[in-house]
Structure formats: structure tokens, C-alpha cells
Amino acid sequence: NSGPMATVEASDSDGKRQGVENSVTYYRLEEVAKRNSTKEIWLVIHGRVYDITRFLNEHPGGEEVLLEQAGADASESFEDVGHSSDAREMLKQYYIGDVHPNDLKPDSGSKDPSKDAPCKSCWSYWILPIIGAIALGFLYRYYMAESKSS
Ligand code: HEM
């Protein structure tokens, strides 16, 4: 069992297959993890799987760094280096499919930033502190008035 675990082919209403552009192959992370030798080396970058076997000795950053990440998620190291847009363009030619949705970490790929802070723009986020401040103001005035009258 070394092939992709699931292949989803886009089809129109007649069930006919459409162009290859519309089909995505999904790979489980365990499948990717097996490709970790110089014979065959795959990487995950931002939820996409890349077969960089033939890129190994072309990499300007050397093959060592790629071998270190072999079969694993290299998103962070890839970003840490600050690769050029040329480098990002190059990724396309090695793209072979996406990470299976069940294996996607919530922090990789297309992340929804609003999930981190669910209510930053909600009124309740800032109105409660304001009400608190006003209440404190009234309390303060009340106590001042009390101490003056006694
Ligand atoms: C398939 C994925 C990758 C591609 C297509 C790629 C491509 C490139 C390219 C084109 C450069 C030249 C500089 C630039 O254009 O930004 C470069 C440099 C570099 N890459 Fe990558 N890279 C990949 C993955 C990685 C990974 C995973 C690492 C780290 C673990 C890495 C580490 C580096 C380093 C350290 C340099 C800098 C070399 C220098 O400045 O002398 N690369 N890469």
C-alpha cells in the first residue's frame, strides 16, 4: 500500500471527468513520511505535497536542508529562509497533491485568522470594559459624596 489513499476527481453533472486541473490527489501524512530518502523525497509546504526528488541537487540552499525535512512538513523552515517569489514559483513544478483534509493541522495552509480571536470586532469585546469604567466612575463619585456629607 504505497499509492495515494484517496483520489478525488472532479466531474460534471454527467459524471464525465474534466481536465486534470480539476483533480486533486490527497496524500496522508504517513504516505509522505515514507518518502524521506535521497531515492524519493517529498515535502509538505502549506498543506501541499511536493515531490522534490529531482530538485534535490538543484536547490540553491543545498540538499542537506531538504533531506532534514524529508517526508515532513517544511512550511516553517521554508518561510524562515524567506524564499523569493521565484522560489515559490518553482514549487509549482514539484506539486503532486494536497495533504488529506483529515491530516491538516489547524495552523497550516489556509488558516482563518478570525478563529484565534473569535470576537475581536464584536461589540461585547469592548463594551464591557467601558461599562465597567463608567460604573467605577459613578462608584467613585458616590463615595466622594458620602465622605463629604459625613
Ligand atoms: C521545494 C521547496 C523549495 C524550493 C523550490 C526552494 C528554492 C530555493 C531557491 C530558488 C533558493 C534561492 C534563493 C531564493 O530564490 O529565495 C533557495 C535558497 C535557500 N533555501 Fe530553499 N527551496 C525549497 C525548500 C527549502 C527548505 C525546506 C529549506 C530549509 C529547510 C530551504 C532552505 C534554503 C536556504 C537556507 C536557502 C538560502 C541559500 C543561500 O542564501 O545561500 N529551502 N531555495
Side-chain angles (χ1 to χ4, degrees), residues 1-140:
N1 175 30
S2 65
M5 305 272 285
T7 306
V8 175
E9 224 94 49
S11 53
D12 58 26
S13 46
D14 300 328
K16 270 185 282 175
R17 288 231 326 252
Q18 292 183 334
V20 256
E21 299 87 58
N22 291 330
S23 69
V24 176
T25 306
Y26 289 108
Y27 297 97
R28 305 303 304 242
L29 288 183
E30 62 180 78
E31 291 290 326
V32 179
K34 288 178 199 158
R35 276 58 175 223
N36 60 356
S37 67
T38 38
K39 262 192 272 162
E40 202 180 12
I41 161 166
W42 292 6
L43 281 186
V44 174
I45 297 174
H46 299 315
R48 287 158 186 259
V49 183
Y50 299 95
D51 180 348
I52 53 162
T53 314
R54 60 206 160 90
F55 176 65
L56 257 197
N57 35 28
E58 289 171 31
H59 183 220
E63 53 176 70
E64 247 95 289
V65 284
L66 296 182
L67 281 166
E68 254 169 49
Q69 310 287 329
D73 189 322
S75 313
E76 237 171 81
S77 358
F78 184 82
E79 292 305 335
D80 284 351
V81 173
H83 280 94
S84 64
S85 44
D86 276 353
R88 284 160 209 278
E89 273 302 302
M90 288 171 72
L91 278 179
K92 285 182 193 162
Q93 35 178 318
Y94 305 107
Y95 171 75
I96 54 170
D98 286 0
V99 172
H100 194 281
N102 290 356
D103 279 349
L104 274 181
K105 281 182 270 155
D107 68 350
S108 70
S110 50
K111 153 176 163 179
D112 186 357
S114 63
K115 283 207 177 107
D116 276 350
C119 218
K120 260 208 167 112
S121 53
C122 286
W123 59 270
S124 57
Y125 203 84
W126 48 267
I127 204 124
L128 284 176
I130 288 176
I131 290 173
I134 292 171
L136 269 178
F138 273 106
L139 268 178
Y140 181 70

Exercise. To the nearest 0.5 Å, how far apart are CD1 in I96 and CZ in R35?
Worked result: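 It is 7.5 Å, given to the nearest 0.5 Å.
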Review item, side-chain donor-acceptor pairs of residues 63-70, under 3.5 Å, at least two apart:
residue : atom : partner : partner atom : Å
Q69     : OE1  : S77     : OG           : 3.2
Q69     : NE2  : S77     : OG           : 3.2

List in chain and number order the residues that pass side chain to side chain contact (heavy atoms under 4.5 Å, CB included) with [X], two or more places apart in sequence or in another chain; answer none if no residue qualifies.
| X | answer |
| --- | --- |
| I134 | I130, F138 |
| S85 | none |
| A72 | none |
| N102 | R28, H100 |

Return the minimal non-hydrogen interatomic distance between [X] and [Y], and the atom names on each side.
| X | Y | value |
| --- | --- | --- |
| F78 | I45 | CD1-CD1, 3.8 Å |
| V49 | W42 | CG1-CE3, 3.8 Å |
| Y26 | P101 | CD2-CD, 3.6 Å |
| T53 | I41 | OG1-N, 3.1 Å |

Problem set entry | Pairwise salt bridge (Lys or Arg N to Asp or Glu O under 4.0 Å) hits with a residue in residues 83-92, at least two apart | E79-R88, E89-K92
Taking side chain to side chain donor-acceptor pair (under 3.5 Å) as the test, write out the residues that go with [X], two or more places apart.
| X | answer |
| --- | --- |
| E58 | none |
| D98 | Y95 |
| T38 | none |

For this session: Could you tell me which residues satisfy ring pair (Phe, Tyr, Trp, His ring centres under 6.0 Å) with F55, sequence neighbours excluded, listed by chain and number?
Result: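 For F55 the ring pair (Phe, Tyr, Trp, His ring centres under 6.0 Å) partners, ignoring immediate neighbours, are H59, Y94.
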Problem set entry | Residues V99, L29; criterion side chain to side chain contact (heavy atoms under 4.5 Å, CB included); working and verdict | CA-CA 7 Å; V99 172; L29 288 183; 3.8 Å; yes
Problem set entry | Set of residues satisfying salt bridge (charged side-chain N to carboxylate O under 4.0 Å, His left out) with respect to K39, sequence neighbours excluded | none
